[in-house]
Amino acid sequence: MKNLNEIYSQIKFSTIMTTGRTGSDYLQACLDNVPGILTFCGHFPYYRFCDNLKLNKFEEREPIKILELFIHENYHLLTKDDIENKNINLDIQKFTENFIHVCEKENLTRQKFLLSLYLAYHLTLGRDTSNINILVHHSHTYDETRRFLEDFKNSKLLITIRDPRANLKSGILNWIKYDEKRENQRHFYLYIKKIREDLKFAQKQMNEKFFLKLEEANDIIIKKKLSSFLDVKFSPEIMKATFADKIWVGDKLSRFNSKDGEYKKSVINNQWENFFSKKDKLVLDLIYKDYRLFGYKINEISWIKKVSIFFLIPLPFVFDKNTFSLKYFFNKNISTRKKIYNIVYYLKRILYLYKLLFRLD
């Protein structure tokens with residue numbers, strides 16, 4: 001294997017960013033065993049890890065000490081992750097030995113430490129390192145993506161998207177089913193914003209970009225275009241979701257699991273049309289108008305509709321009934337603090353929607 005500096009100077013970089021429940025994990029899993037691509041066993045908040053441990057100056061710390069902290073913080077990622085439904089069981093000792101071999105005990109920059117992690121993981125799985133062309137990191141969130149692009153300025157950006165209304169329904173209902181504490185106005189407000197703001201962030205980036213629609217994520221023509229975008233040859237492996245060569249059935253939030261790693265066609269239509277009210281759909285047309293650029297059927301907002309929306313914005317959505325209703329506020333089993341908390345975020349949402357209506361954002 002070439003030394004780390006050679007690989008770093010020759011390899012290309014890319015990162016995956018999600019805009020909600022849009023299949024970013026599925027995309028990463030499809031790239032898991034594609035020749036020429038260096039991947040990892042899931043997304044992890046790399047920059048939060050750096051911040052929490054005050055590791056801004058990597059050169060002043062021994063790589064093996066940083067690795068030990070990384071393994072401690074991300075042990076579930078390398079072994080068993082219940083939320084993501086993954087059972088990697090990576091040989092930690094072998095992973096550590098390969099990491100030491102890769103970095104040759106030299107102090108590393110933050111960028112080269114990340115590359116060393118990926119190379120050590122690749123070697124631990126017994127994969128070929130001679131044909132590596134690109135590292136694909138799954139930064140996942142807006143903030144992690146922003147910082148990755150600052151560290152790796154010429155990276156290619158992969159953005160997973162989905163019909164925003166289907167995305168919103170999935171992000172609210174599936175999270176609540178998994179964790180009932182998510183049924184609160186803060187989660188609703190932030191998720192509504194995320195679907196819109198993360199897309200706008202991605203659109204503003206000057207990096208080469210590839211927007212992957214979840215509804216087309218298993219289309220072989222799209223997968224060939226994706227392979228070309230990443231400068232790797234198309235491989236049948238890209239049609240199957242795996243992590244560390246093991247079939248991935250989908251995370252715990254998903255309603256339907258794929259036992260063979262194949263694409264779940266049920267995601268194409270989650271019947272969001274029957275979930276949202278007529279009022280909801282009108283307001284959502286305002287919020288998510290940018291998604292028309294990707295072929296989603298979102299109605300144009302005429303000035304007459306804008307007048308209607310002005311009066312509709314303060315009214316609850318269908319998913320608000322348990323956290324913003326008379327029944328909720330007269331429920332003595334719910335603390336006053338929690339009620340106030342929900343009111344605050346409900347008001348934040350109203351202000352946010354008025355900003356969009358009057359183009360003050």
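Predicted model only: the values in this text are computed from it and were never measured.
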Residues that Tyr288 engages under ring-ring contact (aromatic ring centres under 6.0 Å, His included), provided they are two or more places apart = none

Is a side-chain donor or acceptor of Asp32 paired with a backbone partner of Ala244 at a separation under 3.5 angstrom?
-> yes

Pairs meeting criterion ring pair (Phe, Tyr, Trp, His ring centres under 6.0 Å) with involvement of residues 210-236, two or more places apart | Phe210-Phe229, Phe211-Phe294

Would you find a donor on one side and an acceptor on the other, under 3.5 Å apart, between the side chain of Glu144 and the backbone of Arg48?
-> yes

Check the angle between the aromatic planes of Trp175 and Tyr178 and answer parallel, tilted or perpendicular using the 30° and 60° thresholds.
-> perpendicular

Atom of Arg21, atom of Leu214 and distance for their closest heavy-atom approach | O-CD2, 4.2 Å

Could you please spell out the steps behind the side chain to side chain contact (heavy atoms under 4.5 Å, CB included) verdict for Asn85 and Ile83?
-> CA-CA 6 Å; Asn85 252 344; Ile83 296 179; over 6 Å; no

Is Lys156 reaching over with its side chain to a backbone N or O of Lys209, donor-acceptor style, under 3.5 angstrom?
-> no

Kindly give the heavy-atom pair with the smallest separation between Gly20 and Lys194, and that separation in Å.
-> N-CE, 3.7 Å

Side-chain contact, heavy-atom cut-off 4.5 Å: Asn342 with Lys338?
-> yes

Answer with yes or no whether the side chains of Ser24 and His138 bring together a donor and an acceptor at under 3.5 Å.
-> yes

Is the Phe148 to Phe152 ring centre distance short of 6.0 Å?
-> yes

Taking a hydrophobic cluster as the set of Ile, Leu, Val, Met, Phe, Trp and Tyr residues connected by side-chain heavy atoms closer than 4.5 Å, whether directly or through intermediates, do Leu351 and Tyr346 fall within one such cluster?
-> no

Can the positive tip of Lys348 be found less than 6.0 Å from the middle of the six-membered ring of Tyr345, inside 45° of the ring normal?
-> yes

Test item: Val136 and Leu38 side chains (from C-beta on) under 4.5 Å apart, heavy atoms | no

Without swapping roles, check the side chain of Asp320 against the backbone of Phe317 for a donor-acceptor pair under 3.5 Å.
-> yes

Hey, mind stepping through Ile88 and Phe243 against side chain to side chain contact (heavy atoms under 4.5 Å, CB included) and telling me if it holds?
-> CA-CA 7 Å; Ile88 303 298; Phe243 280 107; 3.8 Å; yes

Counting N and O atoms only, with roles assigned by atom type, does the side chain of Tyr47 sit under 3.5 Å from a partner on the main chain of Asp143, one being a donor and the other an acceptor?
-> no

Here the pair of heavy atoms bringing Lys246 nearest to Asn89 is NZ-CB, 4.1 Å

Distance from Asp280 atom CG to Asp285 atom CG, nearest 0.5 Å?
-> 11.0 Å

Does the ring of Phe276 carry Lys281 above it, NZ/CZ under 6.0 angstrom from centre and within 45° of its axis?
-> no

Tell me, which pairs form a side-chain hydrogen bond (donor to acceptor under 3.5 Å, both in side chains) where one or both residues lie in residues 71-80, sequence neighbours left out?
-> none

Assess the pair Phe99 and Phe113: is the distance between their ring centroids shorter than 6.0 Å?
-> yes

Does the side chain of Asp290 reach to within under 4.5 Å of the side chain of Ile298, using non-hydrogen atoms?
-> no

Ring center gap for Phe324 and Phe329 short of 6.0 angstrom | yes

Do the numbers put Lys279 on top of the ring of Phe311, so that NZ or CZ is under 6.0 Å from the six-membered ring centre and no more than 45° off the axis?
-> no

